[in-house]
Amino acid sequence: MGVLADIPFEFDADALGEYLRIKPETDDAREFADFLDKARAAGRPKALYKECYVEGRGDDTVTIDGITFTSRALLANLERVERVFPYVATCGDEIGRLDIQADDIIKRFWLDTIQETLLSFSTSHLNTYLTRKYRLGKTASMSPGSGDVTVWPIEQQRELFSLLGDVKGLIGVELTDSCLMVPIKSVSGIRFPTEIDFESCQLCHREACPSRSAPFDQQLWDSIQEDLKPDA
Ligand code: SF4
């Protein structure tokens with residue numbers, strides 16, 4: 001188990017201002033600079049991971065350190081993998097405590113963007129850390145709830161969190177009854193070594209998704225369905 005709680009970060013104020021369409025040298029720009037100072041002081045991006053081993057495989061299940069996950073896509077990805085790294089990365093709950101009025105929509109939008117940025121710091125720091133510490137080559141990741149709903153149901157967040165232990169106590173992330181994470185700018189999943197490129201988006205039919213990172217892959221989709229068919 002590893003906790004990364006002191007993740008260094010520095011905001012690119014110009015890039016953020018441009019993204020948020022804040023005109024330089026205006027009152028908005030001065031207010032944003034002040035807001036960014038507070039975010040810099042409050043922000044605590046964090047990540048938690050565990051080095052685990054695949055202990056067994058069923059028809060559509062994979063057992064990792066005593067916890068069984070049901071997902072044919074996960075099973076296919078871990079077919080020849082022994083060591084995996086379940087993780088949670090987060091923007092941290094501290095930044096959400098900045099004092100912003102409920103009806104201040106602009107500042108709430110700024111906060112949302114800054115939380116997203118902090119999350120990107122924590123995920124990239126975690127990936128770099130794992131690669132260096134465990135001398136990993138190419139890796140990919142799967143997350144409960146990503147891809148089509150049947151690919152790896154979001155309810156399996158419960159198993160993932162139980163594999164990682166006291167996630168709330170260690171990095172302040174908790175699951176709601178509907179298995180969403182709080183803070184919402186958090187990501188979870190299992191990172192694994194692979195020789196091929198894999199993105200959950202390849203197994204997602206959702207059209208017009210602004211976050212899509214890879215096109216839907218019919219061949220990959222078919223191969224996973226094929227894996228499910230009982231032997232003749
Ligand atoms: S296409 Fe969008 S919804 Fe589907 S897995 Fe990718 S990011 Fe998620």
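Order of listing sets the numbers, starting from 1, for every ligand and every atom in it.
- Ion pairing of Arg57 with Glu82 is present here, as a side-chain N (NZ or NE/NH1/NH2) and a carboxylate O approach within less than 4.0 Å.
- Side-chain polar atoms of Thr68 and Glu159 form no donor-acceptor pair below 3.5 angstrom.
- Residue-and-atom listing of protein N/O/S atoms under 2.8 Å from atom 6 (Fe) of ligand 1, sorted by chain and number: Cys201 SG.
- Within 6.0 Å of CD on Glu51 lie more than 12 heavy atoms contributed by other residues, nucleotides or ligands.
- Taking a 6.0 Å sphere around OH of Tyr19, one finds it holds 12 or fewer heavy atoms contributed by other residues, nucleotides or ligands.
- Between Asp103 and Arg108 there is no salt bridge, since no side-chain nitrogen of the basic residue lies less than 4.0 Å from a carboxylate oxygen of the acidic one.
- Salt bridge annotation for Asp34-Lys38: present, with a cationic side-chain nitrogen under 4.0 angstrom from a carboxylate oxygen.
- Per-atom contact check: atom 7 (S) of ligand 1 touches the protein, criterion being a heavy-atom distance below 4.0 Å.
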